[in-house]
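Every number for a ligand or one of its atoms is a count from 1 in the order of the listing. Each residue takes its place number in the sequence, starting with 1.
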Amino acid sequence: MIAEEIKRIHSILPEGVELCAVSKFHPAAAIKEAYDAGQRIFGESRVRELLEKIPQLPSDIKWHFIGHLQTNKVRQIIGKTYIIESVDSLRLLDLIDRESERAGVVTKVLMQLHVAREETKFGFYPEELLDYFSSRGFENLRSTHICGVMGMASNTDDMERVREDFHTIADTFNRILEANPDLRGFNVVSMGMSGDWPVAVDEGANLVRIGTAIFGERQY
Ligand SMILES: *Cc1c(COP(=O)(O)O)cnc(C)c1O
């Protein structure tokens, strides 16, 4: 069933849109099933769970960290992920940069935007992120590469609302690029989950994060 769903989603995703299979709370065996169906990008939201899974699975998996990252856990995951999608404060960004330099690696990150009305409290408001780029804050980074933005829509059945949120995320991404045309490798718009990803793709996502539709309900 996992393999079928992976193949089905890949067959309908437009070209240029990547799938991050969100495997949090699901066992390594489920991830292996998706891997054997060709999936290579997986998303995890807890440091300990990620660190337990990595050695049990093939080394060519690209692990995306997508959860709120506590500053006291940064050191543990530097060098272990392909990208940290959920940078939600400048303090966290700075720490990732320092720990990456210390470890001698460059860490790729996405800046998480806060657009949903309720739900998570985490992330930058669009204007905050625009200010960060306008003031060229990224020029101080030594070992971190900001590759784009990530965000979540409001948790609602109102698809117009959801569409607006995705529109705001993509629009913020575009405004950052317009204001800083010299940015290099800033090209990822990560948005869309099981219940809303087609709308996200429609609004400009090029990376979707799908968990439940692939692996089933999570047992928390
Ligand atoms: C859990 C999670 C997802 C996947 O959600 P589903 O509804 O299971 O597809 C996507 N993005 C983030 C940030 C998540 O925490």
Side-chain angles (χ1 to χ4, degrees), residues 1-10 12-13 17-28 30-31 33-34 37 39-50 53 61-70 73 77 81-89 92-93 96 108-124 129 147-159 161-163 165-166 168-170 172-173 188-220:
M1 227 199 74
I2 291 174
E4 277 164 32
E5 198 54 32
I6 289 283
K7 287 178 183 152
R8 192 186 73 81
I9 295 171
H10 277 286
I12 54 178
L13 272 181
V17 182
E18 289 198 293
L19 168 64
C20 173
V22 177
S23 47
K24 63 189 188 196
F25 293 91
H26 293 286
I31 300 174
E33 211 176 317
Q39 182 63 28
R40 291 295 179 272
I41 302 174
F42 291 91
E44 290 285 337
S45 61
R46 298 184 301 177
V47 172
R48 180 139 70 110
E49 184 177 347
L50 173 63
K53 284 173 175 174
I61 286 180
K62 291 178 174 172
W63 294 103
H64 286 213
F65 192 80
I66 61 170
H68 174 60
L69 179 55
Q70 289 168 269
K73 300 206 170 142
I77 72 156
T81 61
Y82 178 77
I83 194 166
I84 298 172
E85 292 199 19
S86 44
V87 172
D88 54 15
S89 72
L92 176 61
L93 179 64
I96 288 171
K108 294 182 188 206
V109 302
L110 301 181
M111 302 294 260
Q112 182 171 348
L113 279 162
H114 178 125
V115 297
R117 298 295 144 96
E118 354 73 46
E119 285 310 285
T120 167
K121 324 179 275 302
F122 300 120
F124 297 91
L129 202 53
C147 300
V149 300
M150 179 272 235
M152 271 174 274
S154 304
N155 183 17
T156 167
D157 292 334
D158 177 359
M159 279 299 142
R161 195 58 253 275
V162 167
R163 184 176 290 279
D165 289 346
F166 288 144
T168 303
I169 294 166
T172 305
F173 170 81
V188 180
V189 180
S190 173
M191 57 187 192
M193 323 203 311
S194 292
D196 57 21
W197 70 264
V199 183
V201 168
D202 209 37
E203 290 297 328
N206 56 19
L207 175 62
V208 293
R209 309 177 308 268
I210 304 179
T212 310
I214 295 169
F215 296 107
E217 296 292 335
R218 290 177 283 273
Q219 309 287 319
Y220 290 105

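Every pair tested for side chain to side chain donor-acceptor pair (under 3.5 Å) that includes a residue from residues 191-200 fails, sequence neighbours excluded, so the list is empty.
Looking at residues two or more places apart in sequence or on another chain, you find no ring-ring contact (aromatic ring centres under 6.0 Å, His included) involving H10. In this structure F215 satisfies the ring-ring contact (aromatic ring centres under 6.0 Å, His included) test together with H26, sequence neighbours excluded.
A donor-acceptor pair is defined here as one N or O able to donate and one able to accept, closer than 3.5 Å; no such pair exists between the side chain of D88 and the backbone of Q112. Panel note: side chain T156, backbone D158; a donor-acceptor pair is recorded below 3.5 Å.
Each of E85, K108, R209 was compared with H64 under the side chain to side chain donor-acceptor pair (under 3.5 Å) criterion, and only E85 meets it.
Around ligand 1 you find V22, K24, I66, M150, M152, M193, S194, R209, I210, G211, T212, R218, each with a heavy-atom distance below 4.0 Å.
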